[in-house]
Every structure is written in structure tokens, then in C-alpha cells.
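Below is one structure, written out as C-alpha cells; comments come after it.
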Amino acid sequence: MSATFKPRVFSGIQPSGGLTLGNYLGALRRFAGFQGTDRETIYCVVDLHAITVWQDPEKLRHNTREVAAAFMASGVDPRQSILFNQSQVAQHAELAWLFNCVARLGWMERMTQFKDKGGANAERVSLGLLAYPSLMAADILAYHATHVPVGEDQKQHLELTRDVAAKFNHDYGTEFFPITEPLIEGTATRVMSLRDGSKKMSKSDPSDASRINLTDDADQIAQKIRKARTDADPLPGSMDGLKDRPEARNLVNIYAALSGETADRILPRFEGQGFGAFKPALAELAVSVMTPITAEMNRIMADPAEIDRILGDGAERAAAIARPIVEGTKEIMGMIRSR
Ligand code: AQP
């Protein structure tokens with residue numbers, strides 16, 4: 001008989017720079033919806049992941065608070081959910097080490113994100129960047145999380161989390177770890193760069209014009225949409241007509257995700273018109289959705305001590321769940337526990 005696990009949602013965001021509209025639509029805005037269901041919700045600012053590439057210490061502190069503020073501004077209520085930063089719960093790093101000895105080197109080397117970020121420089125990147133997915137497996141499995149809402153780019157890492165759980169269970173003849181379900185849903189699982197429809201919108205893209213930041217004001221949002229790369233053709237009446245037009249498809253998908261309508265309902269309203277008509281409508285919509293969130297983030301950021309208190313409280317509650325799970329893992333692996 002297979003083991004049953006308490007339904008638990010876990011997701012994390014790196015404090016590796018300002019958050020983007022991609023992070024918001026693909027991940028953040030979905031988190032609050034899991035609150036008040038039968039699933040326990042655990043949300044984490046993954047600072048140990050951020051340091052796999054260089055982070056200025058002062059900026060890391062600021063960005064950690066900013067991501068926590070973004071979680072809350074997007075509706076995560078720290079009384080209903082557990083909200084904390086990863087480095088305050090030692091079980092993440094501890095379980096990651098145990099998983100480093102379960103996962104295989106070849107699994108890590110095959111990860112697209114490692115290849116993209118390491119590139120031709122793979123010999124010189126940090127060992128942490130290679131082991132990143134093992135830490136991610138630990139983040140999730142330290143809570144026996146059953147569901148993980150993420151954007152499309154994290155799919156491969158989540159498959160690796162499932163592989164780690166399955167190999168551990170197989171090697172030790174147990175069903176201790178759940179096989180986690182990725183939740184990659186909605187119209188914005190992969191928001192693309194505003195400058196290049198073949199690249200995902202990313203906070204580490206050198207071009208600020210490629211993304212909308214959660215800290216951008218109304219003018220900056222409108223200007224970036226106005227300057228977004230498109231083509232000269234008019235818009236078609238349905239998404240089928242945008243198959244070979246990645247930049248146009250991306251803007252329509254962003255409109256759909258922000259408005260909650262399907263692209264095929266939106267397009268007939270713009271059929272035959274160019275981007276001169278579509279972009280101002282998208283800019284108005286983006287400003288109306290995003291600026292209240294930015295204002296709320298700014299309000300929360302005005303009291304850093306309160307953010308730190310919330311993260312500390314969340315860390316204690318998180319550790320209370322993770323501690324027995326990591327102890328159980330060590331026991332299964334044959335480690336002596338004399339106190
Ligand atoms: N463009 C995107 N579209 C949809 N979802 C996205 N996510 C990221 N970019 C997009 C989702 O946001 C969550 C948090 O991501 P992260 O900060 O932990 O790392 P990431 O996926 O590597 O995001 P970035 O912005 O690209 O960061 P950098 O540039 O530092 O690598 C995840 O659920 C992710 O899927």
C-alpha cells in the first residue's frame with residue numbers, strides 16, 4: 001500500500017535581484033489561491049539558492065526583504081501561510097547534503113539552467129550552481145510537500161526532485177518521501193522577454209527594457225510596453241494566427257494573464273489592427289494591475305523590522321515541520337541519534 005501524505009504546497013523565489021512580471025504571473029500571484037484550502041501553504045525566500053552566483057551582502061539583505069514584501073503584496077498572509085527565508089531553517093542545507101549523496105552527477109550536468117548559466121564557463125562556476133537542484137529537492141521534501149506551483153522553467157528541476165525522492169525510496173526500501181506534483185498552470189507559465197520572444201523574461205537579463213519589474217512605476221511600465229519588440233503585421237482573430245510571431249504572442253498572452261480572459265476572446269476585439277492600438281490597451285491594463293501591488297510592496301518595505309519578525313516567526317514554524325522529517329531521513333540512512 002502506498003503512503004499517504006498531508007496535502008502541502010511549497011514554493012520558493014530567489015532574492016537574486018528585482019522581481020519581474022514573469023515571476024508575478026508565473027508564480028507569485030497564484031500562491032494566495034492555495035490558502036484557505038485543505039492544503040497547508042509554505043512559501044520561502046530562497047537565499048541559499050541566490051548565493052550560487054555572487055550576491056552583494058547588503059543587496060541580498062534588501063532583496064530578501066523585498067521578495068518577502070512581494071509575497072505579502074500578492075496576497076500571501078503570514079498567519080495563514082508559513083513565510084520565511086531559507087537560510088534560517090538549517091534543515092534545508094542539511095537535507096541537501098544527504099541528497100547530494102543520493103542524486104547523480106550526470107543528473108545535475110544535464111540541467112538546462114546549469115548549462116545556460118554555466119555556459120562555456122562551467123569549470124569556473126560555483127559548485128553550488130551545479131548542486132542547485134539537489135537543494136531545491138531538499139526545500140520541497142523537507143516538508144513532504146505534495147504540490148509545487150512554479151513557472152515552466154522549473155519543470156526540469158521538479159522532475160529531478162521526483163527522481164531524488166524515488167531513488168531514495170528505492171535505495172532504502174521505503175516510501176518516506178512523496179513524489180511531488182508540479183503545478184504549472186494558467187496562461188503565463190512562461191512570460192517572454194519584451195526584447196526577444198525566444199528568451200524568457202528574467203531578472204538577470206542585462207537589459208532592463210526586456211522586463212517589467214515589480215518596482216517599476218506607471219510611466220516605466222507604459223514606456224517598456226510601448227517599446228516592446230513586435231512586428232508590422234495586424235493582429236489576427238485567433239491565437240492560431242500568432243504561431244510564428246513569438247513577440248506578438250507574448251504580448252497577447254500577457255494581456256490574457258493580466259485580464260483573466262482567454263487570448264481567443266481578446267483577439268477578435270483587436271483583429272485587423274496593429275500594435276498601435278493594442279499596446280496602449282495592454283499598458284493601461286498592466287498599470288492598473290501592477291501599480292497597486294508595487295504600492296503595497298513599498299508600504300511593507302517601509303518597516304523592515306516587521307518583515308524580519310515575520311520571517312523569523314515563519315522560520316520557527318517551518319523548522320518544526322522539517323526537523324522530524326530530516327531526523328527521520330538520517331535514521332533511515334543509518335545515522336546514530338543519541339540525544
Ligand atoms: N518568465 C517567467 N515566466 C513565468 N514564470 C517565471 N518564473 C521565473 N521567470 C518566469 C517563475 O518564478 C518563480 C521564481 O523564480 P526564481 O526567482 O526562483 O528563479 P528563476 O526561475 O531562475 O527566475 P528568473 O527571474 O529567471 O531569475 P534569474 O534571472 O535569477 O535566473 C519560479 O516559479 C519560476 O518558474
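Each ligand, and each atom within it, is numbered from 1 in the order the structure gives. None of these values were measured; they are calculated from a predicted model.
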Checking the N or O distance criterion of under 3.5 Å, is ligand 1 in contact with Val46?
no

Applying side-chain contact (heavy atoms from CB on, under 4.5 Å) to Lys6 and not counting sequence neighbours gives Arg8, Glu40

Within 4.0 Å of some non-hydrogen atom of Gly26, the atoms of ligand 1 are 4 (C), 5 (N)

Could you label the plane-to-plane angle of the Phe168 and Tyr172 rings as parallel, tilted or perpendicular, counting under 30° as parallel and over 60° as perpendicular?
tilted

Are Lys117 and ligand 1 in contact, using a heavy-atom cut-off of under 4.0 Å?
yes

When distances are taken from atom 23 (O) of ligand 1, the protein heavy atom at minimum range is Lys200 NZ, 3.5 Å

Nearest-contact summary for atom 33 (O) of ligand 1 - protein heavy atom, Å
Gly151 N, 3.2 Å

Counting both backbone and side chain atoms, is some N or O of Tyr132 under 3.5 Å from an N or O of ligand 1?
no

Do the ring centers of His144 and Phe176 come within less than 6.0 Å of each other?
yes

What I want to know is whether Ser204 and ligand 1 share at least one N or O pair that is separated by under 3.5 angstrom.
yes

Heavy-atom distance to atom 34 (C) of ligand 1: which of Val150, Ile254, Asp153 wins?
Asp153

Geometric class of the His92/Phe10 ring pair [parallel <30°, tilted 30-60°, perpendicular >60°]
tilted

Return a yes/no value for Val191: is any of its N or O atoms, backbone included, closer than 3.5 angstrom to an N or O of ligand 1?
yes

State whether Asp205 and Lys199 are salt-bridged, where the test is any N-O pair (Lys NZ or Arg NE/NH1/NH2 against Asp/Glu carboxylate O) under 4.0 Å.
yes

Heavy atom of the protein closest to atom 13 (C) of ligand 1 (residue, atom name, distance):
Ala27 CB, 3.7 Å

Counting the benzene-type ring for Trp, do His157 and Tyr132 have ring centres under 6.0 Å apart?
yes

Main chain of Val45, side chain of Asn85: is a donor-acceptor contact present, judged purely on distance under 3.5 Å?
no

Identify the closest protein heavy atom to atom 16 (P) of ligand 1: which residue and atom is it, and at what distance?
Lys203 NZ, 3.7 Å

Assess the side chains of Ser81 and Thr41: does a donor N or O sit below 3.5 Å from an acceptor N or O?
yes

So the atoms of ligand 1 within less than 4.0 Å of a heavy atom of Arg190 turn out to be 3 (N), 4 (C)

Please write down residue, atom name and distance for the protein heavy atom closest to atom 12 (O) of ligand 1.
Asn23 ND2, 3.1 Å

Within this structure, what is the CG-CG distance for the pair Leu98 and Leu141, rounded to the nearest 0.5 Å?
11.5 Å

Which residue owns the protein heavy atom closest to atom 5 (N) of ligand 1, what's the atom, and how far is it?
Gly22 O, 3.2 Å

N or O pair under 3.5 Å between Glu152 and ligand 1
no

Can you tell me the protein heavy atom closest to atom 30 (O) of ligand 1 and the distance?
Ser16 OG, 3.1 Å

Element-labelled atoms of ligand 1 that are located less than 4.0 Å from some non-hydrogen atom of Ala188
4 (C)

To the nearest 0.1 Å, how far is atom 18 (O) of ligand 1 from its closest protein heavy atom, and which atom is that?
Gln14 N, 3.3 Å

Identify, by atom number and element, the atoms of ligand 1 in contact range of Thr189, meaning under 4.0 Å from any of its heavy atoms.
3 (N), 4 (C), 5 (N)

Is the shortest distance from a heavy atom of Ile13 to ligand 1 less than 4.0 Å?
yes

Between Tyr255 and Phe270, how do the two ring planes meet: parallel, tilted or perpendicular, split at 30° and 60°?
perpendicular

Given Lys59, Glu66, Glu58, the one that forms side chain to side chain donor-acceptor pair (under 3.5 Å) with His62
Glu66

Ion pair check, Arg323 and Glu94, cut-off under 4.0 Å:
no

